[in-house]
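Below you'll find the structure, written out as structure tokens, and then a few comments.
Chain letters run A, B, ... following the sequence lines, proteins first and then strands; every chain starts at 1.
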Number of protein chains: 2
Amino acid sequence: MNDIKKQFCNFLKNNNLLLTAQRECILNYILSTSYHFDAEQLYVQMKSEDPSIGRATVFRTVKLLESSGLIRKIRLGKSKSYYELTVKKKHHEHLVCQNCGKIIEFIDSGLEERIIKIAKKNNFKINKHAVEIFGICEDCFKSTKNK
Amino acid sequence: MNDIKKQFCNFLKNNNLLLTAQRECILNYILSTSYHFDAEQLYVQMKSEDPSIGRATVFRTVKLLESSGLIRKIRLGKSKSYYELTVKKKHHEHLVCQNCGKIIEFIDSGLEERIIKIAKKNNFKINKHAVEIFGICEDCFKSTKNK
DNA sequence: TTTGAGATTGATACTCAATATCAAATATAT
DNA sequence: ATATATTTGATATTGAGTATCAATCTCAAA
């Protein structure tokens with residue numbers, strides 16, 4: 001069992017929760033994907049592997065994974081929540097193309113520093129932050145010009 | 001008629017839309033408030049002034065106001081959308097207290113510059129951006145310590 | 001191995017925010 | 001005045017997520 005699974009097992013144990021077949025199955029799938037996902041999409045995927053699984057279980061497990069710190073919620077301008085793995089990945093921000101939906105991740109230490117400074121200046125105990133930049137990506141911009 | 005109203009009228013005219021009593025009423029109210037609001041809250045307010053107004057009309061008008069550029073959508077970590085006036089107000093970001101819900105607005109030119117640079121570096125036609133910092137505000141932090 | 005308290009499940013109903021539908025009412029141009 | 005287009009409010013519907021609950025599963029203690 002790898003470190004990430006162990007981390008989740010510990011979380012479950014510490015909260016008197018059980019590692020069930022469904023939870024393990026969902027965890028496995030999430031670990032095998034490296035990109036953003038949402039709960040509904042995950043449900044459809046799990047359903048295709050095990051038709052007996054329920055929507056509620058998937059949504060509940062996503063919440064658990066979030067509480068455990070394994071995944072984090074991100075908002076990409078849509079009404080629904082997306083999630084991404086927190087492990088094996090540095091914190092980063094998002095460029096969201098409003099035309100094709102493509103998401104470019106970036107890190108910028110200068111940006112992070114400023115955010116920390118701003119929180120400090122306002123006597124704010126910072127917990128998390130999010131920077132989203134919306135616009136048109138290079139590819140889409142090129143193809144609209146060609147029309 | 002003030003500039004802001006004119007701007008909205010122009011927008012309506014340019015799109016073959018009419019300035020109706022309901023739309024004007026909603027616009028007036030929005031101009032009289034200077035803080036964040038959401039569509040449902042606005043509906044309740046308008047309903048108290050004119051009980052015959054419909055929910056759909058308020059939600060539609062909010063969308064119109066957004067398209068016209070008079071208000072902008074902001075996401076404050078909740079599932080619903082909030083809006084704020086874009087005029088008479090410089091663009092700013094938000095510090096959101098996860099305990100009491102208080103919202104502190106701030107501007108930081110260094111932050112803005114970096115965001116523009118990042119977009120440029122990624123050949124991204126930037127349209128808008130959002131920075132949200134979540135945490136515990138000074139007041140809440142103090143009062144938790146006293147317990 | 002049985003038992004029983006507690007955790008988990010899936011189905012379902014429900015909430016909440018927002019959108020779609022549509023007939024009736026309004027406005028506009030001719 | 002009339003034909004055309006826009007807007008309205010009521011209502012139904014969607015989409016995302018949560019609450020409920022009886023049935024099932026787990027596991028430690030007897």
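- A:Q22 comes within contact range of the sugar-phosphate backbone alone, with a heavy-atom separation under 4.0 Å but no base atom that close.
- Rounded to whole Å, atom C1' of D:dT8 lies 13 Å from atom OH of B:Y43.
- Side chains of B:E93 and A:H129: a donor-acceptor N/O pair is absent below 3.5 angstrom, by distance only.
- The base of D:dG17 sits with one of its N or O atoms less than 3.5 Å from a complementary donor or acceptor on the side chain of A:R55.
- Between B:K80 and B:T20, the residue whose closest nucleotide on DNA chain C is further toward the 5' end is B:K80.
- At a threshold of 4.5 Å between side-chain heavy atoms, the hydrophobic network of Ile, Leu, Val, Met, Phe, Trp and Tyr places B:L31 and B:F37 in one connected group.
- Rounding to whole angstrom units, CD1 of residue A:I53 and C1' of D:dT24 are separated by 15 Å.
- Side chains of B:H36 and B:E105: a donor on one and an acceptor on the other come within 3.5 Å.
- Sequence order on DNA chain D of the closest nucleotides to B:V58 and B:N16 puts B:N16 first from the 5' end.
- In the displayed structure, A:K121 atom NZ is contacted under 6.0 Å by at most 12 heavy atoms of other residues, nucleotides or ligands.
- Note on B:K78: nothing from the nucleic acid sits closer than 4.0 angstrom, heavy atoms only.
- Looking at the side chain of B:K47, the nearest of the listed nucleotides C:dT9, D:dA10, C:dA17 is D:dA10.
- The CG atom of A:L42 sits 14 Å away from the P atom of D:dA16 (whole-angstrom rounding).
- In this model, the phosphate group of D:dT8 is not approached by any side-chain N or O of B:S52 to a distance below 4.0 Å at OP1 or OP2.
- Minimum atom distance to the side chain of A:R23 is reached by C:dT9, of the listed C:dT9, D:dA16, D:dT8.
- By the 30° and 60° cut-offs, the orientation of the rings of B:F11 relative to B:F8 is parallel.
- For A:R60 against D:dG17, a side-chain-to-base donor-acceptor contact under 3.5 Å is absent.
- Protein atom CG of B:L12 is 12 Å distant from nucleotide atom P of C:dT28, rounded to whole Å.
- Counting to the nearest Å, the P atom of C:dA17 and the CG atom of B:L76 are 14 Å from each other.
- As a whole-Å value, the separation of B:E24 CD from C:dA27 P is 13 Å.
- Counting to the nearest Å, the C1' atom of D:dG17 and the CZ atom of A:F37 are 15 Å from each other.
- One atom, CD of A:E40, and another, P of D:dT14, lie 14 Å apart when rounded to the nearest Å.
- If B:P51 and A:Y83 are placed on DNA chain D by their nearest nucleotide, the residue sitting closer to the 5' end is B:P51.
- Closest to the side chain of B:A56, out of D:dT8, D:dG9, C:dT8, is D:dG9.
- More than 12 heavy-atom neighbours from other residues, nucleotides or ligands sit within 6.0 angstrom of NZ on B:K128.
- Distances from the side chain of A:F59 to the nucleotides D:dT18, C:dA11, C:dT8 place D:dT18 closest.
- Candidate nucleotides D:dA16, C:dT8, D:dG9 were compared by shortest atom distance to the side chain of A:L18, and C:dT8 ranks first.
- A close approach under 4.0 Å does not occur between any side-chain nitrogen or oxygen of A:K63 and OP1 or OP2 of D:dG17.
- Nucleic acid contact class of B:D38 (heavy atoms, under 4.0 Å, all strands): none.
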